[in-house]
Each structure stands twice: as structure tokens, then as C-alpha cells.
Amino acid sequence: MLDDEHRFPVLLRTAWFSLNKSFRVLLRGTGLTPVQFTILRWLSEYKKSSLSQCDLAELTASNQNNIADLMDRLEALELIERETHKHDSRRKVMKLTLRGEAVYAHSRTLALELQMKSLSCFPKDQSSRLLDTLIRVNKNLRKDS
């Protein structure tokens with residue numbers, strides 16, 4: 001039997017909490033939370049297409065009520081705006097504002113710094129292997145979903 005130090009779910013969850021805590025500290029000056037950053041990241045990455053609240057709920061593995069609350073807060077901060085979809089007037093899509101793009105760009109720099117710091121304890125080939133391993137784990141788990 002494996003002890004807690006060698007159990008994959010325990011290690012992954014502990015690493016996630018440590019990473020999230022560190023990211024919260026880095027984001028303090030931006031006024032964002034890690035989950036708000038994630039929403040801005042998705043909106044930035046899908047800039048050419050349109051994402052609805054439903055799309056964002058799926059991308060973040062969250063429920064639509066949580067996403068609606070996040071959208072309200074991000075809209076109040078003037079980081080996003082809601083628009084009517086070009087081809088479906090019932091559908092609202094989210095877009096980054098210019099301010100949202102600037103806040104995201106700054107926050108992304110902080111996220112990349114944290115990633116480099118987190119992986120700095122590994123030689124480059126090992127950090128690449130770790131990331132590849134996590135990609136494989138995620139793909140393997142998605143097969144069952």
C-alpha cells in the first residue's frame with residue numbers, strides 16, 4: 001500500500017492548491033482571482049470566435065450559475081462585455097474589452113512567471129516530461145467521460 005506521499009490524487013490536489021495559492025498572491029495587484037483569469041484566458045484564446053456562458057461553463061468544468069456570477073463581476077470591472085450573437089439573437093456572447101485585454105496580458109505574464117518558478121526545480125527535459133505526462137493523464141481520463 002502506498003503512503004500519502006506517493007498517491008497520485010493526493011499529490012496532484014496538493015500541487016494544485018499550492019499553485020492556486022501562489023497565483024492568488026501574484027494576482028492581488030490585478031484585482032483578479034485565478035478563476036477570473038481563466039475566464040479571461042479562454043476569451044482571449046477564442047478571440048476570433050464567440051463564447052457564450054454555456055461554452056465557458058463547459059471549458060471551465062463549472063456550472064452555468066457560477067459562470068453567470070463570474071460574468072456579472074467581470075462586466076462590473078469593465079473587463080468583458082456581452083453582445084448578441086450575429087446569427088442567433090437569443091444567444092449572448094462574451095468578449096474582452098480593451099481594459100480586459102490589458103489586464104489579461106499583464107496577468108498572463110504573472111502566470112508564466114509562476115509556471116517557470118514552479119518548474120524551476122526540474123532540469124528542462126524533466127519539466128517537459130512532466131507536462132507531457134499530465135497531458136497524457138488528462139487525455140486518458142477524458143476517454144472515460
Side-chain angles (χ1 to χ4, degrees), residues 1-83 85 88 91-145:
M1 181 165 175
L2 297 174
D3 60 20
D4 278 353
E5 288 187 24
H6 292 93
R7 293 165 77 194
F8 181 72
V10 173
L11 289 169
L12 196 56
R13 187 170 176 86
T14 302
W16 167 248
F17 280 128
S18 296
L19 187 66
N20 199 41
K21 182 179 178 182
S22 295
F23 198 33
R24 277 186 183 283
V25 170
L26 286 176
L27 287 174
R28 276 190 192 141
T30 68
L32 292 178
T33 65
V35 71
Q36 289 171 329
F37 168 82
T38 300
I39 296 293
L40 297 184
R41 180 178 56 83
W42 282 119
L43 292 174
S44 178
E45 289 178 8
Y46 280 82
K47 199 175 201 175
K48 302 271 189 251
S49 61
S50 302
L51 291 177
S52 68
Q53 286 183 191
C54 184
D55 297 328
L56 289 166
E58 187 174 319
L59 287 168
T60 59
S62 187
N63 70 50
Q64 289 189 27
N65 291 332
N66 288 345
I67 295 299
D69 183 51
L70 277 167
M71 294 301 104
D72 289 344
R73 284 186 269 144
L74 290 170
E75 194 171 35
L77 293 170
E78 300 178 346
L79 300 177
I80 65 148
E81 57 190 10
R82 301 172 206 223
E83 296 178 353
H85 191 275
D88 183 353
R91 182 178 160 134
K92 296 287 185 198
V93 294
M94 310 301 138
K95 300 210 182 230
L96 288 176
T97 62
L98 289 176
R99 181 174 168 4
E101 288 176 8
V103 169
Y104 170 70
H106 173 67
S107 301
R108 184 174 185 276
T109 301
L110 299 173
L112 292 172
E113 288 173 12
L114 179 59
Q115 178 174 322
M116 289 189 327
K117 180 183 177 189
S118 300
L119 297 174
S120 68
C121 59
F122 297 105
K124 185 161 178 55
D125 65 319
Q126 285 184 5
S127 64
S128 291
R129 255 186 297 171
L130 172 63
L131 296 174
D132 289 341
T133 299
L134 291 172
I135 289 168
R136 285 176 50 201
V137 167
N138 284 324
K139 283 180 181 177
N140 188 46
L141 292 172
R142 281 191 200 118
K143 285 188 233 177
D144 297 334
S145 320

- In sequence, state the C-alpha distance, the side-chain angles, and the governing distance for Thr60 and Val35, and then conclude on side-chain contact (heavy atoms from CB on, under 4.5 Å). CA-CA 9 Å; Thr60 59; Val35 71; 5.7 Å; no
- Query: Can you tell me how far CD1 of Ile135 sits from CG of Asn138, rounded to the nearest 0.5 angstrom?
  - Reply: 8.0 Å
- Specify the closest pair of heavy atoms between Ser107 and Leu32, including all atoms of both residues, with the distance to one decimal. OG-CD1, 3.4 Å
- Task: Answer yes or no: are there more than 12 heavy-atom neighbours, outside Leu98 itself, under 6.0 Å from its atom CG?
- Result: no
- Message: For a side-chain contact (heavy atoms from CB on, under 4.5 Å) check, start with the C-alpha distance between Val103 and Leu77, then their side-chain angles and the critical distance, and finish with the verdict.
- Response: CA-CA 11 Å; Val103 169; Leu77 293 170; over 6 Å; no
- Message: One pair to check against side-chain contact (heavy atoms from CB on, under 4.5 Å): Leu110 and Glu113. What are the steps and the verdict?
- Response: CA-CA 5 Å; Leu110 299 173; Glu113 288 173 12; 4.1 Å; yes
- Query: How far apart are the closest heavy atoms of Thr97 and Glu78, and which atoms are they?
  - Reply: OG1-O, 2.7 Å
- Counting only N and O atoms by type, is there a donor-acceptor contact under 3.5 Å from the side chain of Asn140 to the main-chain atoms of Arg136? no
- Message: For Thr30 and Gln36: C-alpha separation, side-chain torsions, deciding distance, then whether side-chain contact (heavy atoms from CB on, under 4.5 Å) applies.
- Response: CA-CA 11 Å; Thr30 68; Gln36 289 171 329; over 6 Å; no
- Does CZ in Arg82 sit with more than 12 non-hydrogen atoms of other residues, nucleotides or ligands closer than 6.0 Å? yes
- Message: Quick check for you: to the nearest 0.5 Å, what is the distance between Met94 atom CE and Ile80 atom CD1?
- Response: 6.0 Å
- Considering non-hydrogen atoms only, spot the tightest contact between Ile67 and Ala57 and give its length. CG1-CA, 3.6 Å
- Message: Applying salt bridge (Lys or Arg N to Asp or Glu O under 4.0 Å) as the test, list every pair that has at least one member in residues 51-68; sequence neighbours left out.
- Response: Asp55-Arg91
- Item | Value rounded to 0.5 Å, distance of CD in Gln53 from CG in Leu70 | 9.5 Å
- Atom CG in Leu43, atom CG in Leu96: separation rounded to 0.5 Å? 5.0 Å
- Taken to the nearest 0.5 Å, the spacing of Leu131 CG from Gln126 CD works out to 12.0 Å
- Please examine the side chains of Leu59 and Ile39, heavy atoms only from C-beta on, and report whether any two atoms are closer than 4.5 Å. no
- Message: With a 3.5 Å distance limit and no angle check, can you tell me whether Ser44 reaches the backbone of Arg41 through a side-chain donor-acceptor pair?
- Response: no
- Task: Please report the shortest heavy-atom distance between Ser127 and Phe122, naming the atom on each side.
- Result: N-CB, 3.8 Å
- Got a second to check how far Asp69's CG is from Arg73's CZ, nearest 0.5 Å? 4.0 Å
Tell me which donor-acceptor pairs under 3.5 Å the side chains of residues 12-23 have, and how far apart each pair is, sequence neighbours excluded?
{"unit_1": "Thr14", "atom_1": "OG1", "unit_2": "Val10", "atom_2": "O", "d": "2.8"}
{"unit_1": "Ser18", "atom_1": "OG", "unit_2": "Thr14", "atom_2": "O", "d": "3.1"}
{"unit_1": "Ser22", "atom_1": "OG", "unit_2": "Ser18", "atom_2": "O", "d": "3.1"}

- Message: Is there a side-chain contact between Thr33 and Arg24 in this structure, where contact means two heavy atoms from C-beta onward sitting under 4.5 Å apart?
- Response: yes
